[in-house]
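Input: a single structure, listed below in structure tokens.
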Amino acid sequence: MITLEQYFGPWWSHPDHNPWRSENAHKLLDACASLEKEMVADAVCFPENPITGNGVSGEHNGGFRTQSCPIGASHSAHKEGMAVDRYDPSGSIDAWLIAHPDALDRHGIYIEHPSATFKWSHWSIRAPGSGNHIFYP
């Protein structure tokens with residue numbers, strides 16, 4: 001399970017980490033933990049990223065992103081505390097989610113299609129414009 005501290009990582013003390021974004025992140029991580037628990041019960045493994053030391057993918061920007069981060073659009077789900085990239089080097093997390101789309105609906109999670117997320121799985125509580133739980137960015 002990813003903690004708030006792990007999600008905000010190096011941006012914990014940044015001014016963009018405000019109470020509203022922290023509340024969003026709390027809701028996100030609760031939904032993630034609930035879905036992860038279901039997946040673990042079905043033998044899905046959640047490896048730790050050797051760079052972050054937890055389940056957040058990337059080096060610094062797989063969790064929260066500041067508004068000045070060049071990755072992603074202004075006010076993207078990552079920049080509002082509503083999305084996280086899960087470390088998924090083998091693609092097994094995304095494969096399970098594609099095979100169980102009803103789980104995404106149950107837990108209120110939206111993922112980018114695995115073809116757009118090599119070695120990570122993008123999870124968000126903010127619905128894309130299409131409203132689809134599996135979408136192309």
Using the rule given for side-chain contact (heavy atoms from CB on, under 4.5 Å), can you reason through R106 versus L104, listing the C-alpha separation, both sets of side-chain angles and the distance that settles it, and then say yes or no?
CA-CA 6 Å; R106 269 194 310 279; L104 294 168; over 6 Å; no
Please report the C-alpha distance between M39 and I93 in whole Å, then the side-chain angles of each, then the deciding distance to 0.1 Å, and finally whether the side-chain contact (heavy atoms from CB on, under 4.5 Å) criterion is met.
CA-CA 8 Å; M39 294 172 72; I93 293 170; 3.8 Å; yes
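Here ring pair (Phe, Tyr, Trp, His ring centres under 6.0 Å) pairs that include residues 51-73, with residues two or more places apart or in two chains, are F8-F64.
Here P101 pairs with I134 under the side-chain contact (heavy atoms from CB on, under 4.5 Å) rule; sequence neighbours left out. When the ring-ring contact (aromatic ring centres under 6.0 Å, His included) test is applied to H113, the partners found at least two apart in sequence or on another chain are Y136. For D85, the side-chain contact (heavy atoms from CB on, under 4.5 Å) criterion is met by S57, R65, H78, W120, H122, not counting sequence neighbours. When the side chain to side chain donor-acceptor pair (under 3.5 Å) test is applied to T66, the partners found at least two apart in sequence or on another chain are S68. By the side-chain contact (heavy atoms from CB on, under 4.5 Å) test, V40 pairs with E36, F46, sequence neighbours left out. Residues forming a side chain to side chain donor-acceptor pair (under 3.5 Å) with N18 (at least two apart in sequence, or on another chain): none. In this structure S13 satisfies the side chain to side chain donor-acceptor pair (under 3.5 Å) test with no other residue, sequence neighbours excluded. Scanning for ring-ring contact (aromatic ring centres under 6.0 Å, His included) contacts around W96 gives H100, with sequence neighbours left out. Shown here are the side-chain contact (heavy atoms from CB on, under 4.5 Å) partners of P15, two or more places apart in sequence or in another chain: there are none. For D94, the side chain to side chain donor-acceptor pair (under 3.5 Å) partners at least two apart in sequence or on another chain are T117, S121.
With hydrophobic clusters built from ILVMFWY side chains whose heavy atoms lie under 4.5 angstrom apart, V56 does not share a cluster with Y87. Under a hydrophobic-cluster definition in which Ile, Leu, Val, Met, Phe, Trp and Tyr are linked whenever side-chain heavy atoms come within less than 4.5 Å, directly or via other members, W11 and I71 are assigned to different clusters. Y110 and I98 fall into different hydrophobic clusters, where Ile, Leu, Val, Met, Phe, Trp and Tyr residues are linked whenever their side-chain heavy atoms come under 4.5 Å apart, directly or through other members. Connection of M1 to Y7 is not established within any shared hydrophobic cluster, with ILVMFWY side chains joined at heavy-atom distances below 4.5 Å, either directly or through further cluster members.
Although no hydrogens or angles enter the test, the distance criterion places no donor-acceptor pair under 3.5 Å between the side chain of N132 and the main chain of F135. Side-chain atoms of H14 come within 3.5 Å of backbone atoms of D16 as a donor-acceptor pair (strictly under, hydrogens ignored). A donor-acceptor contact shorter than 3.5 Å links the side chain of S124 to the backbone of M82. Remark: the backbone N or O of A103 is not paired with any side-chain donor or acceptor of D105 at under 3.5 angstrom. Without hydrogens or angle criteria, Q67 side chain to H75 main chain gives a donor-acceptor distance under 3.5 Å. Checked by atom type and distance alone, the side chain of R21 pairs as donor or acceptor with a backbone atom of K79 at under 3.5 Å. Not a single donor-acceptor pair under 3.5 Å links the side chain of N49 to the backbone N or O of G55. Under the 3.5 Å distance criterion, the side-chain polar atoms of E38 are left unmatched by any main-chain donor or acceptor of L35.
Atoms NE2 and CG, on H107 and L97 in that order, are 10.0 Å from each other to the nearest 0.5 Å.
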Listing, residues 23-32 side-chain donor-acceptor contacts under 3.5 Å, not counting sequence neighbours, or none:
from, atom 1, to, atom 2, distance (Å)
N24, ND2, E80, O, 2.8
H26, NE2, D30, OD2, 3.3

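Nearest heavy-atom pair across T52 and G58 is CG2-O, 3.5 Å. In plain terms, the two heavy atoms of R86 and W123 that are nearest each other are NH1-CZ3, 3.5 Å.
No side-chain heavy atom of S92 sits less than 4.5 Å from a side-chain heavy atom of C45.
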